[in-house]
Amino acid sequence: MIYCVEDDAGIRELVVYTLRNTGFEADGFEDGAALTDALKKCKPQLILLDIMLPGEDGITILRRLRAAPDTAKIPVILLTAKNTEYDKVVGLDTGADDYIPKPFGMMELIARIRAVLRRTEDMQDKDEPRPLVAGGICVDERAHTVFVNEQEVQLTLKEYQLLCLLMKNRGAVLTRDVLLENIWGYNNESETRTVDVHIRTLRQKLGDELMQQELASGDWLPGRAAADMKGGLAIGLYELLTLPENAEIGVLFVAVCDEENVSAGMRGAVNVLLELKRRFALDYLATLVLEPQLPLAGKEFMVYNGSIGKIMPVIVARGKLAHCGEPLKGLNAAHLAAEITARIDMNTDLVTEDFGLSSPPPAVQQMRDLKTTYDVSLPSLAAVCVNLLFLGGESTTETAMKKIRTICEEAVSAVMARYEAACTFATERDLLPESEKLHAAPRVLFLSELEALAAAKDDGFAGWKAERAQVLRTAIEQGELTLQNASIRYIQQVIEFSGCEEPMVVIGIAPPYYPAVCNAYLEKNGSEIIEKVRDIVEGTYHTPLSVIPYFTGIGDGSYMTCTAPAQERALLTDLMTLPASIYDIPFEASAQLNAPVFYLGPRCRAIHQWCERVYLPDLEHTIPDIIDHILGTRSK
C-alpha cells in the first residue's frame, strides 16, 4: 500500500491511478489529518508527501512520522514545487528518503518509488514487519489487526495465522499438508479436514461478512446485473421521464444491444444519431455512458474522460507440408504460430501510454493449427488471434500493427535459426540431403499485400472476394462461424487463391475493433461537464472526485467521436479481414458527431458475480443530481 498526500486533486488522482495501474495498492489524502486517520488503520509501504499542504505542512508531518515509533521507518518521498537546494536539504535532513520537484513524469515517479522500496527492503528490521496488503485486505502483524476495505474484521488466532501465512506466500501453491504443519503442527499423514473448515470461515469473514454489513446498511442493492447495466438503465430512464418540458437542454436516451461483444447496436445507432442531428438541427453536447465505475467501490467517485481501445490482430502462418517422420523436409506452421505467440503474449513493448496511464499487455486469445482431420503430416496452417488494448493518439493502431509485423519477422528468424541448426545436425549424419532443405525464410505480409498478389495473379479476384464475403456472411448468420474464425478462414482462402506455394505469415485485423477515444483530443473537450460533476460530487456530497482519462473497460463510447476518420478507414480497408457488408464502423459519421464521451456510473462491487451489488446513494442521488446539474434542471 502506498499513500499519497497531496492537496491538488488533479495531481493526487493521477498519481493514485498511475500507482494502481502499475500494480501497487494506493490511496490518496488531501491533508495530514486524513493521513493520520488512515495510519491508524493500516501502515503503508511508502508515503508520497507534498510539502505545501493546508493546515499542517509536509515538513511538520514528516517530523511527526519520524518521531513516532510505529511510523519512523516508513519510507517517505517528498513531492513539491519547492525545488531550491535549501528546500531539498531541509526535506532530506528531516528524514525524507527522496525528494522529487514538480512537475515530474509518472514513469520517473514509479522508478524512484521502486528504488526507495528496494533500499528500504534491504534495511527493514525483521522484528518489525511491514503490513501485509493484498487487494482490500491489510494485516498489521504488530497490532494483530485485520482490515478489509478499511473495516476491521475479527479473526480467531488460527484464522489470523492462516491469513498471514497465505499473504506471505502470495502467488505460491500451499498444500493442505503444508498449512497443517505450519499452523497446527500436525504431521503430513493427518487426514483432518480442519484446513477446509478454516479456509471456508476465513473466506466468509473476509468477503461475505463485508457484504452482509453493506446490505444491512441499506446503502447497497444486490442482484446480478444490478450494477452492470440495470443501474445505468434505471438512471437513464429516470432522467428521460422526469425531464421538464421547458428544459433548454434535452436528453436523447439510447439503449442498444450487444455492448462489449461487437457493439452492433451502437455501430448501427451512430448513423441514426447523425440523421436526428441533421433533421432537428441538434447539437450533441456530450455522451454520458452510465457504466459502473472501475475499479470497484473505492472511496473516490470516478468519472472517465474517454474509453480504451481494442484491436484484434489475426495472424495465419503457412508452413510446408511434410511427413512427421521427415520434419526437416517441411516447415511446421504450428511452430511458427507458437513462436509468434510467445513473443506477443504479455509483450510490454506493445503497451501504450497516454496521460500517465498504461494499457494492459496483450493477450493471445487463440492459437491453433488448422488441421481438420488426424494424419501424420506437419500442420501446414496455424492461426493466432491477439487481444490488444491501447490508449489514444491518431497513429496508435497503425504503430501497433507495424510492431506486430516486426515481432512476426523476428519470430520467423528465430524459427529458421532453429531449422538451420537442426538441418546442420541432420546433414552431418546423412539424415537430410542438402537439396531437400528449405532455402528461403517465410515472408511476412499484411493482408493487403497478400490480396495484391492474388489480384495480380487473377483478374477475377474482386469477384471471388465478393462471393467469399457472401458465403462467410451466411455462415456467420447461421452460427457456423464466429467473426474471428471467419477471419482466419478468409486469410486461409486468399493464401490458396494466390497460388503462392512458399511458407508465409499473413497479418490482418479481425472484428471487433474499438477505437480509443479521449476528450482531450477534441476541440470541444467537455471540460465544463467535468466542473459540473465536481460541483455535485465534491461540493454537495463532499466526496473526493477522481477524473480518469480513459475508461479501462471496453465500451460503446468508442463510436461517438473520431478525430481521424480517413486514417481509420484506410486501416480497416487494408487490414480488416471481413468486408463492410459483414462488419463496418461508421468513422465518418462518428467524426460528424464528435460529442465528448463521459463514463458516469455508480460505484459497485463484484460485477458479473452472484454477489454483485450497486451503491444506492450514487444510483438514487449523486448521478441524477449530476445529470440534472448538467441539464440546468437541478433545484437549488
Side-chain angles (χ1 to χ4, degrees), residues 2 14-26 45-46 100 104-118 121 134-135 170-171 294-295 304 306-315 317 336-367 384-415 417 444 446 505 507-510 512-518 548-554 558 571 575:
I2 294 178
L14 181 57
V15 168
V16 169
Y17 188 82
T18 301
L19 288 168
R20 291 173 180 171
N21 205 44
T22 314
F24 292 101
E25 302 288 336
Q45 291 174 276
L46 182 142
I100 305 179
F104 50 83
M106 291 297 110
M107 295 178 68
E108 178 189 3
L109 174 63
I110 296 300
R112 285 178 177 263
I113 288 172
R114 287 175 174 155
V116 170
L117 289 176
R118 284 195 299 270
E121 282 171 1
R170 189 177 181 185
L294 299 171
Y304 305 85
S307 185
I308 197 168
K310 171 180 173 176
I311 194 168
M312 184 170 283
V314 57
I315 304 160
L336 285 167
E339 184 67 29
I340 291 168
T341 294
R343 291 170 178 266
I344 289 179
D345 197 64
M346 299 185 292
N347 187 334
T348 54
D349 287 341
L350 291 167
V351 169
T352 53
E353 296 184 331
D354 201 22
F355 297 105
L357 307 182
S358 299
S359 63
V364 171
Q365 286 189 328
Q366 183 179 158
M367 183 198 74
V384 177
C385 286
V386 182
N387 187 84
L388 179 60
L389 302 179
F390 62 94
L391 301 179
E394 294 182 0
S395 62
T396 302
T397 47
E398 182 180 351
T399 301
M401 294 307 294
K402 288 179 179 177
K403 287 184 177 181
I404 292 287
R405 181 174 191 156
T406 299
I407 291 169
C408 288
E409 290 169 343
E410 292 170 349
V412 166
S413 296
V415 170
V444 177
F446 280 138
V505 173
I507 306 166
I509 297 174
Y513 172 50
Y514 286 82
V517 297
C518 182
I548 312 299
Y550 292 91
F551 180 68
T552 53
I554 301 302
S558 286
L571 178 74
L575 297 180

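Every value quoted in this text rests on a predicted model; they were computed, and no experiment measured them.
No side-chain heavy atom of Met106 sits less than 4.5 Å from a side-chain heavy atom of Glu353.
Pairs passing the salt bridge (charged side-chain N to carboxylate O under 4.0 Å, His left out) check and including a residue from residues 399-410, sequence neighbours excluded, read Glu398-Lys402, Arg405-Glu409, Arg405-Glu449.
Residues passing the side-chain hydrogen bond (donor to acceptor under 3.5 Å, both in side chains) test with Thr352 are Ser359, sequence neighbours excluded. Every residue two or more places apart in sequence or in another chain was checked for a side-chain hydrogen bond (donor to acceptor under 3.5 Å, both in side chains) with Gln45, and none qualifies. Partners of Asp349 under the side-chain hydrogen bond (donor to acceptor under 3.5 Å, both in side chains) rule, at least two apart in sequence or in another chain, do not exist in this structure. Applying the side chain to side chain contact (heavy atoms under 4.5 Å, CB included) rule to Pro360 yields the partners Ile308, Leu389; only residues at least two apart in sequence or on another chain are considered. Not a single side-chain hydrogen bond (donor to acceptor under 3.5 Å, both in side chains) links Thr18 to another residue, sequence neighbours left out.
A donor-acceptor pair under 3.5 Å is formed between the side chain of Ser558 and the backbone N or O of Pro515. In this structure, Asn387 contributes its side chain and Gln365 its backbone to no donor-acceptor pair below 3.5 Å. Looking at Asn347, its side chain does come within 3.5 Å of a backbone N or O of Arg343 through a donor-acceptor pair. Proximity of a side-chain donor or acceptor of Asn21 to a complementary backbone N or O of Ser358 within less than 3.5 Å is detected.
Ring-plane geometry between Phe551 and Tyr304 is classed as perpendicular, the angle between the planes exceeding 60 degrees on a 0 to 90 degree scale with a lower cut at 30.
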